[in-house]
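Here is the naming used below: chain letters follow the sequence lines, and residue numbers restart at 1 for every chain.
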Protein chains: 2
Amino acid sequence: MSSGRELFARDGPEAQMDEIAARAGVGIGTVYRHFPTKEALLTAMVRDRFQEFAEIATLAEDTIDPRYAVETVMRRSAEAVEGDVGFQLAMMGSNQLEWEGIEEQKAVLAAVVTRIIRRAVDAGAVRDDFTFEDFGMMMCGITSTMYYQPGSADWRRHLAIIVRGLCPPVRDAEPESV
Amino acid sequence: MSSGRELFARDGPEAQMDEIAARAGVGIGTVYRHFPTKEALLTAMVRDRFQEFAEIATLAEDTIDPRYAVETVMRRSAEAVEGDVGFQLAMMGSNQLEWEGIEEQKAVLAAVVTRIIRRAVDAGAVRDDFTFEDFGMMMCGITSTMYYQPGSADWRRHLAIIVRGLCPPVRDAEPESV
DNA sequence: TGACAAACGGAATCTTAGCTCCGTATGCTG
DNA sequence: CAGCATACGGAGCTAAGATTCCGTTTGTCA
C-alpha cells in the first residue's frame, strides 16, 4: 500500500490502479485481492492518514500557551498534508459523504481538538464561539491554498491571517464594519 | 450556452456534453460546431463569469468605508458563486494554468480590487501588507467552504473570521503568539 | 421550382480506466 | 515426489464519455 500512498500523494484519487500495481511490483489482480475496489483502497489510505491527524493533535496539546496550542494543531496539520495532493483532498472533503469508514478516526480527532479549543476559549485567547466545526472549516481553507494555488500563494500566510482572525473582538480598539 | 451554464453550475466540469446538448435542445454535433472541444466550452463560460467578478468589484468600489469596501467585494464575489459548483471551482483554480484565455478578465479584476485594497491600506483599515494575491488566496479559502462543506459549514462565518484577521495588528492589546 | 450551400442530428468510433477471470507459479502436506 | 491449496499476473472485458462523420434538413438564390 505504500506505493499506493506515493501515487495518491502525487496524483490524488486520479492515481491509476495499473500504475499503483506496477509501482508496487505486483499485478493488478493482486491489488484487487487486497482491496475489492479502488474506493476501498483510497478509503484505507485516508483512514490511516486521519489517524495521523489525531496523533498530531495529541502532541500539540502539550503546548503550554492556549492560543499557540490552537495555532500549532493547525500548522502541524497543514504541514502534514503539504506535498500530498490526495491527502489535501481528503482533508478538505472530510465532511463529505464520500468518505465512509473514517468516522472513528474523525471522532478521536474531534475529541482532542475540541479540548484544545475549549482551553483557549476559557483562557480568553480566542473568540468564545470558536468550535471544532470552525477548525475544520479553516483547515479546509488553508488546504485549498496549497491545492489550488501551489507556488502562487503561501499557506502559512493564510494561516497567520486566520489565527489573527480568531482573536476575541476588542471593543473600541477595532471598530466593526459599517 | 446558457444550458451549458446551468449544468456547469450543477455538475461542474463533470457536466456531460450529451446532456448539455440535450438540455439546449440541439444535437451534439451542433455543440461541437460552436466549441471545438469541451474545454473550449468550459473556458468560454469561465471567461464570462470572470467578467462578472470585475463588475461586482467595480460596484463595490463605491462603498465609502474603505474596510467595508474590501469586505463587500469579498462577500459579493462569494455570493456570486454560491450554488454554482462550476463557478466555485473556477474561482478556486483561477491561478492554475488549466484556464488559459481568461487573462484579460483577470487583469481587469486585479486592477479594480487592487485599487480597493490600496485605499483600505492607506486608510490604515487593514494590515499594510495586504495584496491582491492575498485577496485571491482568501477567496479561494472561502469558496472551499462552499464547495467541500456545503451544509455543514457557513461561509459567511469564514468570511467574518478572515475579515477580522485582515485588521492591522494592534500592539499590546493583542499579544503575538509565543 | 431546382440547385447549391450551410447547419443539423445523432449513431458510430475511439480512448481510458476500473475490474474480472483463468491459466500459471509457489508452497505445503503426506 | 504427487496432490492439493493458495496466491499471482495480466490479457481482455465493459462502461463511460468525448469526439467524429455523414446522411438529412433547412435556407437561399436565380
Letter by letter from the 5' end, nucleotides 8-21 of chain D scores (B base, S sugar-phosphate only, - none; protein heavy atoms under 4.0 Å) BBB------SSBB-
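If you look at Tyr147(B) and Phe87(B), their ring centroids are not closer than 6.0 Å.
One finds no salt bridge joining Arg47(B) and Glu52(B) here, because no Lys/Arg side-chain nitrogen approaches an Asp/Glu carboxylate oxygen to under 4.0 Å.
A single hydrophobic cluster is seen to contain both Phe135(A) and Val81(A), as judged by linkage of ILVMFWY side chains at heavy-atom distances under 4.5 Å, directly or through other members. The cluster map of Ile, Leu, Val, Met, Phe, Trp and Tyr, joined by side-chain heavy atoms under 4.5 Å apart, puts Met92(B) and Met138(B) in different clusters.
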side-chain hydrogen bond (donor to acceptor under 3.5 Å, both in side chains) between Gln149(A) and Trp155(A), worked out = CA-CA 9 Å; Gln149(A) 320 200 326; Trp155(A) 68 263; over 6 Å; no
